[in-house]
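Letters A, B, ... are given to chains in the order of the sequence lines, protein chains preceding strands, and every chain is numbered from 1.
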Protein chains: 2
Amino acid sequence: MANITDIIEEYIKARLGRSSGGAIIFRRGELAEKFSCVPSQINYVLSTRFSSSRGYIVETRRGGGGFIRIIRIPLEESEELLDIVYEKIGDQVGINEAIGLIRYLFEEDIISRREAHLMETVIEVAAPDHSHPEARRNRAVILKSMLMVLLRHKK
Amino acid sequence: MANITDIIEEYIKARLGRSSGGAIIFRRGELAEKFSCVPSQINYVLSTRFSSSRGYIVETRRGGGGFIRIIRIPLEESEELLDIVYEKIGDQVGINEAIGLIRYLFEEDIISRREAHLMETVIEVAAPDHSHPEARRNRAVILKSMLMVLLRHKK
DNA sequence: TCGATAAAGGTCAGAAAAGGTCTAAAGGTC
DNA sequence: GACCTTTAGACCTTTTCTGACCTTTATCGA
């Protein structure tokens with residue numbers, strides 16, 4: 001259990017715990033240096049331990065001045081939405097289900113009318129081919145991404 | 001965030017914010033001197049951060065007495081939004097242009113921060129294959145659809 | 001007046017500075 | 001031994017930065 005992935009995971013969680021806004025930022029190369037591992041190891045840690053299904057958002061930028069930012073989504077108030085994201089939707093979703101979900105969010109006052117229209121339109125336009133499996137997967141990816149944004153930016 | 005480009009961008013935005021008419025003027029060489037960089041760095045900042053899709057007009061003059069003037073374009077009525085839809089975007093659009101535009105709308109208070117994040121995420125997720133022509137067309141379709149929603153449902 | 005010179009800014013290619021992806025091998029677990 | 005997780009490394013993409021070389025404009029002196 002002393003593998004480097006777990007150690008880095010703990011380190012990141014400790015820093016997130018100390019941080020004020022529930023977000024930290026660092027350079028991939030520096031972190032790799034600190035733990036004497038290859039940089040891609042950091043990506044492995046991020047994808048296995050800080051995925052969105054675990055309640056994290058990871059933002060990165062390449063090039064000079066590049067960075068990795070990890071944001072923790074406060075779970076207490078968001079569990080319902082996260083549940084929706086990872087249980088109801090899964091990795092594919094039909095158009096009616098998706099639209100139904102969006103309407104539900106509006107009725108529960110989780111999103112505004114305008115946001116609801118925005119989201120519905122996106123679903124219709126970006127994944128129009130109704131029952132094609134490819135479209136079902138695409139729709140799930142887009143819908144989940146949008147829900148993650150809502151989690152991050154409370155109304 | 002220790003890169004010069006971001007620092008110069010902030011400096012220019014601060015000066016624009018303080019300015020009365022939403023315009024500032026300076027000498028390229030002096031600015032470069034101030035930030036200890038080569039003059040062409042200023043051009044890089046201008047083209048990546050003060051493009052027209054982000055809501056700026058840049059005017060310059062060469063030779064003795066030359067200058068660079070940056071003008072912020074306020075965005076007021078929905079007619080201008082329609083203009084954007086039909087002129088700036090067209091039937092294909094790059095990712096940076098699209099995101100620049102979304103930020104512009106946010107800065108002009110036409111969309112909320114949450115809507116901006118929603119839209120940016122959609123653009124990134126739904127048309128990820130950056131420079132592929134198919135993705136460029138797809139991006140345009142999605143972006144225009146979203147803008148039409150904004151037009152119909154005022155903030 | 002007109003041509004040379006100085007004083008700007010513009011362009012472009014390439015280097016540098018990040019982070020991303022993919023695969024193969026190594027390590028664990030049952 | 002089969003299967004899953006972890007680790008390393010080769011190679012790729014994006015973004016920023018630098019410098020050499022080019023163009024435009026103003027001014028000054030013959």
Side-chain angles (χ1 to χ4, degrees), chain A residues 1-12 24-54 56-71 141, chain B residues 1-12 24-54 56-71 94-100 103 120 123-125 127-132 135-136 139:
Chain A
M1 183 27 141
N3 63 48
I4 247 208
T5 296
D6 290 335
I7 293 169
I8 296 173
E9 176 187 4
E10 286 314 310
Y11 168 80
I12 291 176
I24 62 169
I25 189 170
F26 55 84
R27 264 164 224 272
R28 186 181 75 154
E30 277 177 16
L31 204 60
E33 182 103 8
K34 184 181 185 98
F35 290 101
S36 311
C37 63
V38 293
S40 61
Q41 181 74 35
I42 305 300
N43 296 80
Y44 179 73
V45 175
L46 294 179
S47 60
T48 59
R49 310 293 205 266
F50 296 90
S51 60
S52 57
S53 61
R54 294 181 179 224
Y56 298 92
I57 290 174
V58 176
E59 293 175 345
T60 68
R61 182 140 126 219
R62 299 187 184 188
F67 60 79
I68 292 178
R69 176 185 291 131
I70 303 179
I71 303 156
V141 170
Chain B
M1 215 279 215
N3 56 8
I4 291 197
T5 297
D6 289 338
I7 293 168
I8 296 174
E9 176 188 4
E10 285 314 309
Y11 169 81
I12 292 176
I24 62 169
I25 189 169
F26 56 85
R27 262 161 225 268
R28 186 181 76 154
E30 276 176 17
L31 204 60
E33 183 102 9
K34 182 181 186 96
F35 290 101
S36 311
C37 63
V38 295
S40 61
Q41 179 75 38
I42 305 300
N43 297 80
Y44 178 73
V45 175
L46 294 180
S47 62
T48 60
R49 308 292 204 267
F50 297 90
S51 60
S52 68
S53 62
R54 282 164 121 99
Y56 299 92
I57 289 176
V58 176
E59 294 173 346
T60 66
R61 177 123 130 241
R62 301 185 182 189
F67 60 81
I68 292 178
R69 188 190 345 255
I70 302 179
I71 305 161
I95 195 153
N96 287 325
E97 251 179 300
I99 288 187
R103 301 238 164 111
E120 278 187 36
I123 288 295
E124 275 162 13
V125 170
D129 200 348
H130 281 204
S131 52
H132 197 279
R136 287 179 60 88
R139 203 151 32 221

- Query: Side-chain contact, heavy-atom cut-off 4.5 Å: B/I99 with B/S53?
  - Reply: no

- Which part of the nucleic acid, if any, lies within contact of B/I4, taking any heavy atom under 4.0 Å across all strands shown: a base, the sugar-phosphate backbone alone, or nothing? sugar-phosphate

- Query: Taking only residues two or more places apart in sequence, or in another chain, which ones meet B/S47 in a side-chain hydrogen bond (donor to acceptor under 3.5 Å, both in side chains)?
  - Reply: none

- Task: For B/R49, enumerate each residue passing the side-chain hydrogen bond (donor to acceptor under 3.5 Å, both in side chains) test, keeping only those at least two apart in sequence or located in another chain.
- Result: B/D6, B/E9

- Query: Where along nucleotides 6-17 of chain C does protein come under 4.0 Å, by heavy atom, of base (B) or sugar-phosphate alone (S), with - for untouched nucleotides?
  - Reply: -BBBBB-----B

- Task: Please find the earliest and latest nucleotides of DNA chain D, in the 5' to 3' direction, that have an atom within less than 4.0 Å of any heavy atom of chain B.
- Result: D/dT14 to D/dA26

Give every donor-acceptor pair under 3.5 Å between a side-chain atom in residues 58-70 of chain B and any protein atom, sequence neighbours left out.
from, atom 1, to, atom 2, distance (Å)
B/E59, OE1, B/R69, NE, 3.0

- Residue list, salt bridge (charged side-chain N to carboxylate O under 4.0 Å, His left out) with B/E97, at least two apart or on another chain: none

- Message: Applying side-chain hydrogen bond (donor to acceptor under 3.5 Å, both in side chains), can you list everything that pairs with A/Q41, at least two apart in sequence or on another chain?
- Response: A/T5

- Message: Could you work out, with side-chain hydrogen bond (donor to acceptor under 3.5 Å, both in side chains) as the rule, every residue matching A/S40, not counting sequence neighbours?
- Response: none

- Query: Reading DNA chain C 5' to 3', how would its secondary structure be written in dot-bracket notation, given Watson-Crick and G-U pairs with both distances under 3.5 Å, brackets [ ] for crossing pairs and | for partners on other strands?
  - Reply: ||||||||||||||||||||||||||||||

- Query: Rounding to a whole Å, what distance do you find between A/E59:CD and C/dG20:P?
  - Reply: 12 Å

- Task: Return the set of residues passing ring-ring contact (aromatic ring centres under 6.0 Å, His included) with B/F50 (not counting sequence neighbours), or none when no residue passes.
- Result: B/Y56

- salt bridge (Lys or Arg N to Asp or Glu O under 4.0 Å) contacts touching residues 32-48 of chain A (sequence neighbours left out): none

- Taking only residues two or more places apart in sequence, or in another chain, which ones meet B/F26 in a ring-ring contact (aromatic ring centres under 6.0 Å, His included)? none

